[in-house]
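For the numbers below, each heavy atom of this structure counts, side chains included, while hydrogens, waters and symmetry mates do not. Naming: A, B, ... by sequence-line order, numbering from 1 per chain.
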Amino acid sequence: MKDTANPLQLELPGLKMKNPIMPASGCFAFGKEYGALYDLYMLGAIVLKAATREARFGNPTPRVAETPSGMLNAIGLQNPGVDAIIREELPRLSALNTPIIANIAGTTVEDYVATASRLSDTNIVSALELNISCPNVKEGGIQFGTDPRIAATLTEKVKTVSKVPVYVKLSPNVTDIVAMAKAVEAAGADGLSMINTLLGMRIDLKTMKPILANKTGGLSGPAIKPVAIRMIYEVSQAVTIPIIGMGGIQSADDVIEFMLAGASAVAIGTANFIDPLICPKIIETLPEKLAAYGVKHISELIGRSWKS
Amino acid sequence: MQKENMLVTLNREIAKQIYEMRLSGNLVEEIRAPGQFVHLQPGYHCGTLLRRPFSIASVDEAQRELTLIYRAEGAGTKKMAEIPVGADVDVLGPLGNGFPLDACKPSEKALLVGGGVGVAPLFELSKQLKRKGVKVTHVFGFSDKSVMYYEEAFRTLGPTYLATVDGSAGTKGFVTDLIQSIEPEYDAMFACGPMPMLRALETYAEDKPVYLSLEERMGCGIGACYACVLHTADDPDGASYRKVCTDGPVFKVGEVVLG
């Protein structure tokens with residue numbers, strides 16, 4: 001039931017949210033740093049940095065580079081491994097009373113299944129987000145995100161072990177994202193996250209070599225917002241499962257635009273680096289923005305750009 | 001740490017392409033050690049997206065002001081040079097851990113080694129070491145005379161030796177050449193500058209502690225994005241790490257593998 005007193009409240013599979021705002025995976029680590037700046041309870045949900053079966057150091061530095069209205073990153077899924085995350089990060093997060101979404105990455109189906117199983121067994125994680133779209137890991141990950149059959153098989157396997165809903169995070173680096181979305185929906189995905197970063201590169205004019213040590217990186221920030229809007233607009237009309245939208249959101253107006261395109265909730269990524277208080281700021285601004293556009297409850301926005 | 005719109009009270013060129021910017025605000029009260037940095041978002045003035053890290057060159061607690069030294073070289077810093085006095089700049093800080101003042105007892109000797117804009121954080125360090133009674137010697141390197149700054153100010157704090165790559169001021173060569181020729185005595189070394197200089201100084205650490213302030217491209221500046229990560233020296237191929245932003249930017253030689 002909708003809480004008429006809170007025009008931002010929403011419910012997605014596994015997620016009872018005070019508002020549609022969550023920090024995006026990889027931009028918020030495990031919450032400790034931003035938790036020192038504001039009360040994480042106010043967030044709609046928190047998406048954790050990707051967990052892998054074993055600890056990963058990630059790529060050499062430089063790992064980031066600025067681009068016009070955006071940034072490239074090639075962190076390389078650095079994380080302490082799923083067991084350390086469960087032991088050292090989750091207990092602190094369980095006390096927050098905010099839904100936690102664990103992002104999972106791997107290089108083999110077995111990796112994903114093992115990591116998903118461990119995290120969904122904790123009773124602390126409300127949903128899983130399958131990262132099949134990290135462009136920065138050479139030995140795997142990306143092929144799960146570019147071939148609909150492989151993505152569907154992976155989704156199916158993870159669904160058989162997961163006790164919580166599974167969202168699949170889609171890559172924009174494909175010819176037909178609608179085909180990817182339909183394939184994972186048919187395989188049992190409970191929701192979609194989109195879009196991950198776009199593969200890009202910058203070259204240093206002095207050294208005449210790529211700036212990033214990994215050479216290529218994932219482009220994020222406002223530069224990719226129109227791509228995300230277009231893809232969410234197309235996919236939301238082709239599937240019935242909800243979409244968590246992301247890609248360059250910086251303001252309450254951006255949130256509204258994503259939801260009009262067809263997102264049911266949104267994630268904020270790069271904008272956290274520019275303004276560490278951006279999530280609470282957007283949450284605070286949203287009610288007055290909704291009122292200004294004559295919207296009583298935020299759910300009225302979902303897909304309104306294409307609904308007749 | 002806080003995010004504050006600080007007031008620009010000074011922004012001037014002090015050497016070729018080298019600028020001094022003074023900022024006034026409350027976060028100055030939170031600065032704990034020389035070598036800490038601020039993450040500045042000049043975007044409102046110059047259309048760039050990300051913040052940029054700058055080490056704090058000096059602090060004036062009474063005036064609630066901090067001073068930054070920067071080289072106007074990239075798109076962001078070139079525009080930064082045009083920010084007028086009286087404007088506001090969005091600053092996150094103070095961030096990171098600075099140089100450990102307790103590495104030298106009063107009357108002991110400190111050697112401060114700097115290169116280029118890396119000389120900047122050594123100014124506040126030198127002032128605080130001297131205030132404590134530590135005898136400070138400076139050895140600085142620049143590409144040439146036109147980009148040198150703060151020479152007289154450093155001379156009032158202790159002996160100051162200079163090297164330039166082209167020989168236009170001081171000794172011709174690098175700071176390492178200078179150290180070899182003057183053979184300064186010291187109980188601890190503190191350094192900030194380009195990576196080749198820091199790598200060369202690593203070898204001096206065998207019998208005396210050496211502290212290096214490192215620079216790395218950063219995203220968030222607060223430890224969340226994992227952009228500025230280095231391997232630890234005791235596990236150079238493994239998963240253990242230090243973040244330059246929150247574990248550094250100052251590290252004791254032997255703690256991390258220089259990038």
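Proximity to chain B is absent for every atom of E54(A), based on heavy atoms less than 4.5 angstrom apart. Looking at R51(B), the atoms closer than 4.5 Å to chain A (heavy atoms on both sides) all sit in the side chain, from C-beta outward. If you measure heavy-atom distances from T246(B) to chain A, you find no contacts under 4.5 Å at all. For K49(A), the part lying under 4.5 angstrom from a heavy atom of chain B is the side chain only. When heavy atoms are compared at a cutoff of 4.5 Å, A65(A) approaches chain B by way of both its backbone and its side chain.
Shown here for T164(B) and A169(B), the closest heavy-atom pair between the two residues is OG1-O, 2.6 Å. Summarising the geometry of G221(B) relative to F37(B), their closest heavy-atom pair is O-CZ, 4.1 Å, with the distance given to 0.1 Å.
Taking a 6.0 Å sphere around NZ of K145(B), one finds it holds 12 or fewer heavy atoms contributed by other residues, nucleotides or ligands. Atom CD of E215(B) is surrounded by 12 or fewer heavy atoms from other residues, nucleotides or ligands within 6.0 Å.
Top candidate by heavy-atom pairs under 4.5 Å with chain B, chosen from I211(A), L277(A), T270(A), is I211(A). Note: H231(B) leads H231(B), Q2(B), H39(B), M218(B) in heavy-atom pairs under 4.5 Å with chain A. When the candidates L230(B), D90(B), L92(B) are compared by the number of heavy-atom contacts under 4.5 Å with chain A, L230(B) comes out ahead. Interface remark: of the candidates G81(A), P80(A), C27(A), A29(A), A29(A) forms the most heavy-atom pairs closer than 4.5 Å to chain B. Comparing I222(B), L50(B), D237(B) by how many heavy-atom pairs each has under 4.5 Å with chain A, the most go to L50(B).
For the residue pair T232(B)/S240(B), the side-chain donor-acceptor check at 3.5 Å is satisfied.
Taking the six-membered ring where tryptophan is involved, the planes of F190(B) and F99(B) are perpendicular, since the angle between them exceeds 60° and thus also 30°.
Remark: K243(B) NZ to C220(B) SG distance equals 7.5 Å, nearest 0.5 Å.
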